[in-house]
Amino acid sequence: DRATSLARRLLTFSKGGSPIKQTVNLRDILRSSVGFWLSGSKLRAELSVAPDVLPVTVDPVQFAQVIENVVINAREATTESGKLFVRASNVLPGSAEIADLGGGPWVKIEIEDEGGGIPEHIRDRVFELCFTTKPGGSGIGLSTAKSIMDQHGGRIALKSVTGQGTIVSLLLPAVAQPCPPPAPPHTEIVAKGCGRILVIDDEDMMLEVLPTILENVGYSATAAKDGAEGCEAYVRAITEGEPFAAVLLDATIPGGLGGEAALKRLLRVDPLAKVILFSGYADSDLMIRAEELGFKGRLGKPFTATELAATLQRALS
């Protein structure tokens with residue numbers, strides 16, 4: 001999980017870091033992210049979200065990462081016990097803060113600590129990649145936060161007074177309509193399924209582990225090293241009267257058929273084929289457009305057995 005978190009941060013700087021956005025309620029995402037990253041610390045969060053604050057359209061994973069990086073910096077800057085003030089409100093039309101950001105509604109989030117502040121001579125460098133004053137620090141926290149905010153059409157800025165603390169401000173485009181009700185949480189207990197599943201992946205490890213996981217949740221599995229071999233197995237299963245209920249397909253198979261090309265071949269064989277895409281590049285354009293292209297689900301590696309079973313159940317239902 002830690003390696004995944006680090007990889008996602010680094011991917012934010014690459015072309016594969018495109019956000020997968022959805023409309024979220026700021027109060028919920030701030031409460032959960034801030035509370036998690038302050039657990040076990042001496043700081044207590046004081047959350048103040050305006051009742052009329054508008055929802056925002058963000059990648060929840062990436063935006064939570066912004067909050068994580070800012071909160072961790074605030075926690076490390078505050079050596080004594082105290083409060084971390086987190087405020088969210090709509091930005092008034094005509095405000096100087098959004099004068100150069102275009103029209104439309106905006107929201108502002110402020111995260112204020114009571115730490116020692118940032119020395120004036122380094123304030124202009126805090127968003128530089130790999131710049132850090134912490135022993136053993138990586139210097140990618142705030143630079144990642146800035147990159148994510150840029151990709152969301154927003155802005156991050158800070159004000160700091162030495163000895164008095166720091167305020168980090170996040171500006172985001174808002175959605176001028178109520179936030180949709182949250183989806184019911186997925187239960188961790190997944191009912192067992194049934195049927196044959198075709199697994200197409202070039203990694204031996206995946207071809208060994210996935211069938212075992214599938215068998216543990218009620219399915220039987222057949223493995224194929226690439227899309228061409230998988231299509232042959234798919235046709236053979238139909239001919240033999242034991243068709244596959246679904247296909248788990250890797251997005252990238254070096255030297256072989258994978259991703260969109262393999263999907264097209266499978267759909268030519270069976271237009272109703274239920275193909276689920278999985279990939280280590282969870283933020284790639286292919287993953288973002290998966291349903292639009294005809295996939296019945298998507299999974300970003302690494303995924304848990306529960307996530308796999310739940311995705312299969314949704315596709316098969």
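Owing to the predicted nature of the structure, the values given are computational and were not obtained by experimental measurement.
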Under the rule for side-chain contact (heavy atoms from CB on, under 4.5 Å), what residues qualify as partners of A261, not counting sequence neighbours?
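Per chain and number, A261 pairs via side-chain contact (heavy atoms from CB on, under 4.5 Å) with L257.
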How would you list, by chain and number, every residue that makes a side-chain contact (heavy atoms from CB on, under 4.5 Å) with S220, sequence neighbours excluded?
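Here the qualifying residues are R196.
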Would you please name every residue forming a side chain to side chain donor-acceptor pair (under 3.5 Å) with T311, sequence neighbours left out?
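Scan of T311 (side chain to side chain donor-acceptor pair (under 3.5 Å), adjacent residues dropped) gives R314.
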Quick one, [X] and [Y] - any side-chain contact, counting heavy atoms below 4.5 Å?
| X | Y | result |
| --- | --- | --- |
| I29 | F63 | yes |
| T222 | V199 | no |
| V275 | L248 | no |
| M149 | L172 | yes |
| Q151 | S147 | yes |
| E114 | F85 | yes |
| L277 | L299 | no |

Audit row: I200, I253, side-chain contact (heavy atoms from CB on, under 4.5 Å) steps and yes/no
CA-CA 9 Å; I200 303 175; I253 299 180; 3.9 Å; yes
Taking all heavy atoms of [X] and all of [Y], pick out the closest pair and write down the distance.
| X | Y | result |
| --- | --- | --- |
| F244 | L198 | CD2-N, 3.6 Å |
| A309 | V217 | CB-CG1, 4.2 Å |
| D250 | T252 | OD2-O, 2.9 Å |
| I197 | A245 | CD1-CB, 4.4 Å |
| S279 | M287 | CB-SD, 3.9 Å |
| G256 | D226 | CA-OD2, 3.9 Å |

Start with the C-alpha distance between Y219 and L312, add both sets of side-chain angles, then the distance that settles side-chain contact (heavy atoms from CB on, under 4.5 Å), and finish with yes or no.
CA-CA 10 Å; Y219 301 97; L312 270 171; 3.9 Å; yes
With hydrophobic residues grouped by side-chain heavy-atom distances under 4.5 Å, do L267 and V247 end up in a single group?
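Same hydrophobic cluster.
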Same cluster or not: are L92 and V175 linked, directly or through other Ile, Leu, Val, Met, Phe, Trp or Tyr residues, by side-chain heavy atoms under 4.5 angstrom apart?
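Each belongs to a different hydrophobic cluster.
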Not counting sequence neighbours, which residues clear salt bridge (Lys or Arg N to Asp or Glu O under 4.0 Å) with D113? List them please.
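Expected list: none.
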Salt bridge (Lys or Arg N to Asp or Glu O under 4.0 Å) against E112, all qualifying residues, sequence neighbours excluded
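With neighbours one apart ignored, the set is R87.
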N/O donor-acceptor pairs under 3.5 Å from side chains in residues 202-215, not counting sequence neighbours:
unit_1	atom_1	unit_2	atom_2	d
E203	OE2	K301	NZ	3.3
D204	OD1	K225	NZ	2.7
T212	OG1	E208	O	3.2

For residues 44-57, dump all side-chain donor-acceptor pairs below 3.5 Å to protein atoms at least two apart in sequence or in another chain.
unit_1	atom_1	unit_2	atom_2	d
E46	OE1	K83	NZ	3.0
T57	OG1	T23	OG1	3.3

According to salt bridge (charged side-chain N to carboxylate O under 4.0 Å, His left out), does anything in residues 143-153 pair up with another residue at least two apart or in another chain? List the pairs.
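Qualifying pairs: K146-D150.
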Which pairs count as salt bridge (charged side-chain N to carboxylate O under 4.0 Å, His left out) when at least one residue sits in residues 288-297, sequence neighbours excluded?
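Salt bridge (charged side-chain N to carboxylate O under 4.0 Å, His left out) check on residues 288-297 returns D285-R289, R289-E292, E291-R298.
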Summary of side chain to side chain donor-acceptor pair (under 3.5 Å) pairs that have at least one residue in residues 228-238, sequence neighbours excluded:
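Those involving residues 228-238 are Y234-D270.
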I need the full list of side chain to side chain donor-acceptor pair (under 3.5 Å) pairs touching residues 237-248, with sequence neighbours left out, sorted by first then second residue.
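Residue pairs with at least one partner in residues 237-248: there are none.
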Any donor-acceptor pair under 3.5 Å linking the side chain of [X] with the backbone of [Y]?
| X | Y | answer |
| --- | --- | --- |
| S317 | Q313 | yes |
| S33 | L30 | no |
| H152 | D59 | yes |

Could you state the interatomic distance from CD (Q62) to CD (E68), rounded to the nearest 0.5 Å?
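It is 12.5 Å, given to the nearest 0.5 Å.
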Less than 3.5 Å apart, which donor and acceptor atoms pair up between the side chains of residues 157-167 and the rest of the protein, not counting sequence neighbours?
unit_1	atom_1	unit_2	atom_2	d
S160	OG	I118	N	2.7
S160	OG	G165	O	3.3
S160	OG	T166	OG1	2.8
T162	OG1	R123	NH2	3.4

Determine, step by step, whether L142 and N73 satisfy the side-chain contact (heavy atoms from CB on, under 4.5 Å) criterion, reporting the C-alpha distance in whole Å, the side-chain angles of both residues, the deciding distance to 0.1 Å, and the verdict.
CA-CA 9 Å; L142 286 179; N73 276 359; 3.2 Å; yes
When I67 is tested against each of I111, I72, V168 for side-chain contact (heavy atoms from CB on, under 4.5 Å), which residue passes?
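The residue from I111, I72, V168 that satisfies side-chain contact (heavy atoms from CB on, under 4.5 Å) with I67 turns out to be I111.
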Given side-chain contact (heavy atoms from CB on, under 4.5 Å), test I148 with T144 step by step and report yes or no.
CA-CA 6 Å; I148 291 172; T144 298; 3.8 Å; yes
